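Every value quoted in this text rests on a predicted model; they were computed, and no experiment measured them.
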Amino acid sequence: MSTLHFLSLPTTEVATGLLGMFLVHETADGVTAGRIVETEAYLWGDPACHAYRRKTARNATMFGPPGFAYVYQIYGLHYCVNVVTGPEGVGEAVLIRALEPVEGIPLMQARRGTTKLGDLCKGPGRLVQAMGINKAMNGMSITEPPFQVVPATAYPAANTSFRMVTTTRIGITQGADLPYRFYVEGSPFVSFPLRKVTGEKK
DNA sequence: GCTGGGATCGCCT
DNA sequence: GGCGATCCCAGCG
């Protein structure tokens, strides 16, 4: 199954399936890559979803076809990156919340201003900074270079089995009880391991 | 045309 | 664990 085909699956399947896959960004400064260890799904009809009310200039990317990056600014100073899912016309996406640093760690350290491995990509704003993602990348394809999601098979050394934990999402007020957050059990790179756990599988 | 709130982070205690 | 930084835009008028 191609990456684009995978990203065309229902949003919660994409959110869970992205765990263990890799996010790769090639820039003039070098390549950075990380294993996705934490995601959140934002669905149609979900009050926490940016596309809940209607299509606007800010959330327009979410209404486009799947396989593109939705980058937005939060709290005036941080950025978050999502993978757009759902068919064109439907505003759904998966927020990437944490990565395990895999490639280009010195570059991540320089961008983040810290050498501590556990602080490089733990949290949506941090991973955006570590990967060199910026708001100009809103609407960019996330299935081909220089910015792409790649299957775990691309990094066999880091392709280890894991169990998935399902919890409620972080930092939202609307839809706070919905079980749409997923992470790799036991990973030290997950942003908030302790949270209301609603399920576990895989 | 104004106002308030938000899918966060880092520094302080 | 608490709080300040700081900006885009939706909602209302």
Between CZ of A/Phe192 and P of B/dC9 the distance, given in whole Å, is 7 Å
When A/Ile74, A/Ile133, A/Asn138, A/Val128 are each screened for side-chain contact (heavy atoms from CB on, under 4.5 Å) with A/Tyr79, the one that passes is A/Val128
Whole-Å distance between B/dA7 C1' and A/Asn59 CG?
-> 14 Å
Which whole-number value in Å describes the distance from A/Lys122 NZ to B/dG10 P?
-> 11 Å
What integer distance in Å separates A/Glu92:CD from B/dA7:C1'?
-> 15 Å
Looking only at B/dA7, B/dC9, C/dC9, the nucleotide nearest the A/Arg126 side chain is B/dC9
For A/Tyr72, report the nucleic acid contact type (base, sugar-phosphate, nothing); a contact means any heavy atom under 4.0 Å.
-> base
Determine whether A/Arg126 and A/Cys121 make a side-chain contact, defined as any pair of heavy atoms from C-beta on separated by less than 4.5 Å.
-> no
Could you run through DNA chain B and flag its stems, i.e. three or more consecutive Watson-Crick or G-U pairs with both distances under 3.5 Å?
-> B:1-6 with C:7-12, B:8-12 with C:1-5
Check the distance between B/dT8's P and A/Asp119's CG and give it to me in whole angstrom.
-> 16 Å
Does the ring of A/Tyr75 lie flat against the base of C/dA5, closer than 5.5 Å centre to centre with planes under 30°?
-> no
Rounded to the nearest Å, what distance is computed from the OH atom of residue A/Tyr79 to the C1' atom of nucleotide C/dC7?
-> 8 Å
A/Arg97 side-chain N/O to B/dT8 phosphate OP1/OP2 under 4.0 Å = yes
Atom pair distance, as rounded to whole Å: OH in A/Tyr70 and P in C/dC8 = 13 Å
More 5' along DNA chain C: A/Lys135 or A/His78, using each one's nearest nucleotide?
-> A/His78
A/Arg97 side chain to A/Glu38 backbone, donor-acceptor under 3.5 Å | no
Determine whether A/Phe192 and A/Arg181 make a side-chain contact, defined as any pair of heavy atoms from C-beta on separated by less than 4.5 Å.
-> yes
Can a side chain N or O of A/Thr173 be found less than 4.0 Å away from OP1 or OP2 on B/dG5?
-> no
Does any N or O in the side chain of A/Glu100 come within less than 3.5 Å of the main-chain N or O of A/Val37, such that one atom is a donor and the other an acceptor?
-> no
Measure from the side-chain heavy atoms of A/Leu77 and tell me the nearest of C/dT6, B/dG10, B/dT8.
-> C/dT6
Is the distance from OP1 or OP2 of C/dA10 to the nearest side-chain N or O of A/Thr56 less than 4.0 Å?
-> yes
For A/Gln73, answer base if it contacts any base atom (sugar-phosphate contacts may also be present), sugar-phosphate if it contacts only those atoms, and nothing otherwise; contact means non-hydrogen atoms under 4.0 Å.
-> sugar-phosphate
Test A/Val81 against every option in A/Phe147, A/Tyr72, A/Tyr70 by the side-chain contact (heavy atoms from CB on, under 4.5 Å) rule and name the one that passes.
-> A/Phe147
Determine, using the 4.5 Å side-chain heavy-atom cutoff (strictly less than), whether A/Leu18 and A/Met62 are members of one ILVMFWY cluster.
-> no
Does B/dA7 have OP1 or OP2 sitting under 4.0 Å from an N or O in the side chain of A/Arg181?
-> no
